[in-house]
Amino acid sequence: MSQGDVAKSGQVVFAIEAFKRIHPVEFQRRFLSQGTRHSGRGFSQFRATHVTKGTISTAQGSSTVRIGNTTVVCGIKAEVSEPDVKAPNEGYLVTNVDLSPMCSAHFRPGAPGETAQVSSEHLHRLFGGNVVDPGSLCIEPGQAVWALSADIVFLKYDGNVLDAAVIALTAALEDLQLPKAEFDSATGVVSADKTMGQRLKLRKRLFPATFSLVDGAYLVADADDAEEQLATATVLVVLDDNGRLVNIWKRGAGDINRATISRCVEDAGTRKAALAKELE
Amino acid sequence: MTRPDRREATQIRALHCALGQLSRVDGSAQFSLGDTSVLCGVYGPVDVKIYDEKIDRAHIEVKFRPDIGVPTTKDKWTESAVRQTFEQLILAQLHPRTLVQINIQVRQADGAVDAAAINAATMALVDAAIPLHSMVAAATCAVLESGEIVVDPNQEEADQARSIHTLAFENKTTEGPAYVDSRGDFTMDEYNRCYDLCATSAERVLAFMRSAIESKISKEAKLSTT
């Protein structure tokens, strides 16, 4: 390659980056209209997903999940707490999704933005009572229960909050070891033995799959950040271990018809098989 | 199996709607499904904060307040869902660099609140004369522990259901759904049955909406000619 060619290829790269920034819609259309995506993936192809459990030694349960360039860490701390008066035999799981400026320029510093709040709430709806049996978190009825505080912190964000968060929380709950707790009724003190931990028996595991309708016409699986910005509709499908449906959530009034949603559910089944292997 | 209020399985509760009750907003609607009552007020197109200003379209904002207590992340979730639905349905390109603000206040909650909120928002947007691609109506179904499917569940039925399905449809219910929120423990077959029941109920709600708007306009026409 001569000096002239290197200079020219450098210019071409610069032109592509500028085009991507200045005309994001047109840039994506160049690929989507040809039946491919700017990352080279097929329309129904999910990014390589890696799950590692036990990455935070100070937390009772933890996991790190990478879906392409989206990286998220989930840490679960277990604290002893008094139960709610209305449910004296039940502990609770509090989920909190943290999307800070560190992971993407989309998010502003300060109070949690809409994406973080909506994701936290959606995780609470998916996991609360469904996955962890609240009764299994009871130490002494009416006196002491385990309060699990799950923090899902995004380190790098490149699309698909919910898939990453659901997988991370599922893995962290599988990794969770609760210290053996004993309630002394005389003193009202709970003593916990860390060396004798026990794993929680989960009711089910959740397997998510997100599909986005980009530019109103192209349905792609696992949209990255650039594609997500142009989505007019998004479908989240969540399955459990037995392939039963836990959630279908379509938001955005983009045109996704009934048959397409059925296809999404089928593709979610394929994704579940791949995720189940990764969670082992 | 009899329902608490003795309705048929496919029967929705009494629909009630009142348009233009609020004098300070550009458009308003109160929508009721039995004991669930939601009030919606719409401002638009109005001034927008510089931060939210979009050069080619209006900025859509939704505020959702529950019947009891301060707004929590639960209400933020509903705000986000309603906003994403109407963002594609409002012809925002006709009003660039403005704001359309949809304010929803739950007056009474007895199940199917999300559906009532979407319906109230549609009617309020029409009352405010905000240009829409199509109207949208929502309906809810619940699959009970017995496997029986009931339409428009009240809070008591919803608490005991194995899964709840809220779907919204545009004018033509033969095309895809505008919004789907199915949660719980269900099969594809149950989902499909709920889909059909919600589509039928949404058609009824749309017809009701149209007649409510027609009667308001004909009343106004009579008043202007006298």
Side-chain angles (χ1 to χ4, degrees), chain A residues 25 94-97 108 111-126 128-131 203-204 206 213 216 219 231-266 268-269, chain B residues 51 56 60-62 71-90 114 118 122 132-136 138 143 162-170 172-192 194-196 198-199:
Chain A
V25 183
V94 178
T95 54
N96 186 47
V97 174
R108 301 272 153 191
E114 186 188 271
T115 314
Q117 288 191 55
V118 173
S119 308
S120 299
E121 174 62 26
H122 203 75
L123 282 179
H124 177 73
R125 291 179 185 208
L126 288 175
N130 260 343
V131 173
R203 276 190 177 143
K204 52 173 89 169
L206 300 183
L213 189 72
L219 189 76
T232 55
T234 312
V235 180
L236 168 69
V237 178
V238 181
L239 303 170
D240 71 7
D241 297 273
N242 302 320
R244 284 178 72 91
L245 285 155
V246 173
N247 189 210
I248 299 177
W249 191 32
K250 185 228 178 206
R251 59 266 192 221
D255 189 20
I256 297 184
N257 63 23
R258 193 173 187 173
T260 310
I261 294 183
S262 297
R263 259 199 1 254
C264 288
V265 176
E266 279 169 28
Chain B
Y51 182 76
D56 58 342
I60 318 289
E61 206 175 68
V62 176
T72 61
T73 52
K74 185 168 181 289
D75 308 303
K76 207 58 180 189
W77 188 95
T78 309
E79 278 180 13
S80 175
V82 172
R83 196 202 76 236
Q84 287 183 71
T85 305
F86 285 101
E87 244 168 13
Q88 305 298 325
L89 290 171
I90 295 174
D114 286 349
I118 290 174
T122 300
L132 293 175
H133 179 261
S134 56
M135 300 206 321
V136 62
V143 180
R162 215 169 47 204
S163 64
I164 303 259
H165 307 253
T166 304
L167 284 91
F169 294 88
E170 299 178 36
K172 313 178 226 46
T173 56
T174 46
E175 290 184 5
Y179 178 75
V180 178
D181 173 32
S182 293
R183 258 182 284 143
D185 176 22
F186 56 104
T187 63
M188 202 56 199
D189 183 55
E190 284 170 341
Y191 167 77
N192 279 320
C194 287
Y195 185 105
D196 291 324
C198 282

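To find a chain, count down the sequence lines: A is the first, B the second, and so on, and within it residues start at 1.
- Within the 4.5 angstrom heavy-atom criterion, atoms from both the backbone and the side chain of A:Val246 approach chain B.
- Minimum interatomic distance between A:Ala253 and B:Leu89 (heavy atoms only, all atoms of both residues): CB-CG, 3.9 Å.
- Within the 4.5 angstrom heavy-atom criterion, atoms from both the backbone and the side chain of A:His122 approach chain B.
- Distance OH/B:Tyr195 to CD1/A:Ile261: 6.5 Å, rounded to 0.5 Å.
- Looking only at side-chain heavy atoms (C-beta outward), A:His124 and B:Trp77 stay at 4.5 Å or farther from each other.
- Of the two parts of A:Ser119, neither the backbone nor the side chain holds a non-hydrogen atom closer than 4.5 Å to a non-hydrogen atom of chain B.
- Remark: the backbone N or O of B:Ser182 is paired with a side-chain donor or acceptor of A:Asn247 at under 3.5 angstrom.
- For chain B, the nearby parts of A:Thr232 are the backbone and the side chain; heavy atoms of each come within less than 4.5 Å.
- Among pairs with a residue in residues 180-191 of chain B, those fulfilling salt bridge (Lys or Arg N to Asp or Glu O under 4.0 Å) read A:Arg244-B:Asp185, B:Arg162-B:Glu190, B:Asp181-B:Arg183, B:Asp189-B:Arg193, at least two apart in sequence or across chains.
- The two residues A:Arg258 and B:Pro177 have their closest heavy-atom pair at N-CD, 4.4 Å.
- The distance from atom CZ of A:Arg251 to atom CZ of B:Arg83, rounded to the nearest 0.5 Å, is 11.0 Å.
- Only the side chain of B:Tyr191 comes within contact range of chain A, with heavy atoms under 4.5 Å apart.
- Taking B:Glu61 as the reference, nothing meets the salt bridge (charged side-chain N to carboxylate O under 4.0 Å, His left out) condition, with sequence neighbours excluded.
- If you measure heavy-atom distances from A:Ile256 to chain B, the contacts under 4.5 Å come from the backbone alone.
- The heavy-atom pair separating B:Gln88 from A:Gly254 by the smallest distance is CG-N, 4.0 Å.
- With a 6.0 Å radius and a threshold of 12 heavy atoms from other residues, nucleotides or ligands, A:Lys204 has its NZ atom above the threshold.
- Heavy-atom minimum distance, A:Lys250 versus B:Tyr179: O-CD1, 3.2 Å.
- The shortest non-hydrogen separation linking A:Val118 to B:Ser80 is CG2-CB, 3.5 Å.
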